[in-house]
Student: 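Sharing a structure below in structure tokens format, with a few things to ask.
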Amino acid sequence: MLNLESLDGRLLFALPKKGRLHEKCLELLAGADIQFRRYNRLDVCLVLNHEIALVFLPASDIPSFVGKGNVDLGITGHDVILEANMEEHVTEVLKLGFGKCALQVQVPEAGNIKDVKDLAGKRVVTSFEVLAGEYFSKIDKELDLKEGSRTQIEYVGGSVEAACALGLADGIVDLVESGDTMRAAGLHAIATVLQTEAVLIKSSKPKHASLAPLIDLITQRIAGVLASYKFVLCQYNIPRAKLAECVAITPGRRAPTVSPLDDGDWVAVSAMVERKNVATVMDNLMSTGAKDVLILKLDNCRV
């Protein structure tokens with residue numbers, strides 16, 4: 001049975017308990033070989049192969065828990081940190097490359113509001129009161145709107161996109177990933193407040209200095225998983241006379257590995273290439289005269 005004593009000396013690592021970041025976080029932990037069993041959907045569980053305890057929290061609470069030193073590491077959205085006013089209390093250690101979306105100002109496509117300044121002084125509904133308030137406060141000031149005529153920011157906890165259709169708002173501020181939900185609600189973007197993604201965070205003033213090596217280890221492992229998402233290993237054979245041309249195509253992160261073959265006129269080359277460029281790299285290698293071009297997936301790496 002889990003008790004407070006079982007958490008003594010362990011690094012506390014906060015993860016979103018549900019929502020758009022949860023599954024990606026579990027995938028990241030698996031790649032970093034952080035092994036755990038979560039029984040009966042308990043919100044705290046012990047890692048089996050490290051002195052770590054995972055704490056599953058609402059993503060909106062994680063910046064405060066980390067910033068105040070109640071937990072040592074956390075994963076949440078960059079937008080959530082700003083909305084919680086915790087940017088001075090937490091350090092963003094790594095951008096994680098998932099959960100990417102934009103916090104946008106959206107209005108009815110069929111309406112008369114075409115610019116964010118047209119929306120100033122009207123009703124705006126959002127789940128991001130702080131960020132929306134700061135954004136429209138600047139616009140209100142720029143337009144010299146007086147007390148009583150400034151933009152009205154109203155909070156709702158969900159289904160923000162329905163606010164305009166229900167007559168609750170003239171515009172909304174909400175996170176947009178693909179934009180499909182907003183288009184289905186008859187909305188379109190007129191401004192972007194910020195771009196956001198998931199980030200790994202730690203406290204700017206950690207309470208447990210002894211955990212620093214473990215924090216560094218976990219950070220390094222997660223960085224390795226992220227690198228394996230970005231890169232693949234490209235291997236091929238090439239006539240030695242064509243080597244310089246192929247090295248220009250696959251320079252690797254530092255330099256490619258070149259090995260002689262039994263046929264002295266040929267060499268084998270191995271180099272990391274960005275996953276997004278794989279098809280073009282393979283085409284260019286074949287055009288240069290490369291043979292036996294292979295692409296190998298990386299499960300993890302350290303770069």
Side-chain angles (χ1 to χ4, degrees), residues 20-21 23-34 50 73-79 81 90-102 177-178 192 194-202 212-303:
R20 61 191 179 93
L21 303 182
E23 291 300 327
K24 284 289 188 180
C25 288
L26 298 187
E27 186 180 308
L28 197 62
L29 294 186
D33 193 32
I34 297 174
H50 293 285
L73 274 178
I75 293 176
T76 190
H78 173 66
D79 56 294
I81 298 168
V90 303
T91 300
E92 295 188 9
V93 182
L94 286 175
K95 292 182 178 181
L96 301 179
F98 59 83
K100 289 185 176 181
C101 48
E177 189 171 1
S178 67
T192 297
L194 61 86
Q195 299 286 342
T196 185
E197 66 180 285
V199 290
L200 177 69
I201 61 174
K202 65 179 181 180
L214 185 53
I215 289 175
D216 290 343
L217 175 66
I218 297 306
T219 300
Q220 178 179 279
R221 285 195 176 191
I222 290 176
V225 176
L226 298 178
S228 73
Y229 293 164
K230 184 177 181 180
F231 293 97
V232 294
L233 189 64
C234 179
Q235 295 181 337
Y236 57 92
N237 298 327
I238 188 74
R240 190 178 294 275
K242 297 279 189 175
L243 179 59
E245 292 178 58
C246 285
V247 167
I249 298 168
T250 58
R253 285 180 55 84
R254 289 181 176 80
T257 300
V258 179
S259 306
L261 297 179
D262 284 346
D263 183 338
D265 293 331
W266 285 72
V267 293
V269 180
S270 177
M272 292 176 69
V273 300
E274 287 195 59
R275 187 184 297 268
K276 64 181 181 181
N277 299 328
V278 162
T280 301
V281 166
M282 293 179 77
D283 292 340
N284 292 340
L285 288 172
M286 293 297 292
S287 297
T288 306
K291 302 295 182 182
D292 311 317
V293 182
L294 304 177
I295 298 297
L296 306 179
K297 179 183 175 183
L298 302 175
D299 289 328
N300 206 328
C301 61
R302 298 289 188 273
V303 296

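Counting begins at 1 with the first residue of the sequence. Computation of the quantities below employed the complete heavy-atom set of this structure, encompassing side-chain atoms and omitting hydrogens, waters and symmetry-equivalent molecules.
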Student: Between V293 and V281, is there a side-chain heavy-atom distance shorter than 4.5 Å?
Tutor: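 Sidechains of V293 and V281: no contact.
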
Student: Quick one: does L28's side chain get under 4.5 Å of I75's, heavy atoms only?
Tutor: yes

Student: Do T219 and K202 make a side-chain contact, defined as non-hydrogen atoms from C-beta onward lying under 4.5 Å apart?
Tutor: no

Student: Measuring only between side-chain heavy atoms, which start at C-beta, is E27 closer than 4.5 Å to F98?
Tutor: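 Counting from C-beta outward, E27 and F98 never come under 4.5 Å.
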
Student: Working to the nearest 0.5 angstrom, can you tell me the gap between M272 CE and T257 OG1?
Tutor: 11.0 Å

Student: Check each of L226, L29, D216, D33 against R221 using the side chain to side chain contact (heavy atoms under 4.5 Å, CB included) test, and report the only one that passes.
Tutor: D33

Student: Going from CD on E245 to CG on L285, what distance comes out if it is rounded to the nearest 0.5 angstrom?
Tutor: 11.0 Å

Student: I need the minimum non-hydrogen distance between V303 and A227, along with the two atoms involved.
Tutor: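 Reported closest heavy-atom pair: CG2-CB, 3.7 Å.
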
Student: Where do Y236 and V247 come nearest, in terms of heavy atoms and distance?
Tutor: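 In terms of heavy atoms, the two residues are closest at OH-N, 4.3 Å.
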
Student: So, taking the atom named OG1 in T288 and the one named CD1 in I238, what distance separates them when rounded to the nearest 0.5 Å?
Tutor: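 If we round to the nearest 0.5 Å, T288:OG1 and I238:CD1 are 6.5 Å apart.
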
Student: Determine whether a donor-acceptor pair (N or O, by modelled atom type, separation under 3.5 Å) exists between the side chain of R275 and the backbone of Y229.
Tutor: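 The answer is yes, because a donor-acceptor pair under 3.5 Å joins these two groups.
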
Student: Rounded to the nearest 0.5 Å, what separation is found between the CG atom of L298 and the CG atom of L296?
Tutor: 8.0 Å

Student: Taking all non-hydrogen atoms of both residues, which atom of L21 and which atom of A198 are closest, and how far apart?
Tutor: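 Closest approach of L21 to A198: CD2-CB, 3.9 Å.
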
Student: Give me the one residue out of S270, C301, S228 that meets side chain to side chain contact (heavy atoms under 4.5 Å, CB included) with L233.
Tutor: S270

Student: Indicate the atoms forming the closest heavy-atom contact of V225 with N300, along with that distance.
Tutor: N-OD1, 3.4 Å

Student: Give a yes or no on this: more than 12 heavy atoms of other residues, nucleotides or ligands lie within 6.0 Å of atom CZ of R254.
Tutor: no

Student: Quick one, K24 with L96, criterion side chain to side chain contact (heavy atoms under 4.5 Å, CB included). Give me CA distance, side-chain angles, the key distance, then yes/no.
Tutor: CA-CA 10 Å; K24 284 289 188 180; L96 301 179; over 6 Å; no

Student: With rounding to the nearest 0.5 angstrom, report the CD1 to CD1 distance, I81 to I201.
Tutor: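 Reported value, rounded in 0.5 Å steps: 4.5 Å.
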
Student: Could you check if a side-chain atom of P260 sits within less than 4.5 angstrom of a side-chain atom of R240, using non-hydrogen atoms only?
Tutor: yes

Student: Are the side chains of F231 and E274 in contact, using a 4.5 Å heavy-atom criterion?
Tutor: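 SC-SC contact between E274 and F231 confirmed.
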
Student: Tell me the closest heavy-atom pair linking P251 and P256, and the distance in Å.
Tutor: O-CD, 3.3 Å

Student: Just how far is it from atom CG of D265 to atom NZ of K242, taken to the nearest 0.5 Å?
Tutor: 13.5 Å

Student: Closest heavy-atom contact between L243 and V269?
Tutor: CD1-CG2, 3.7 Å

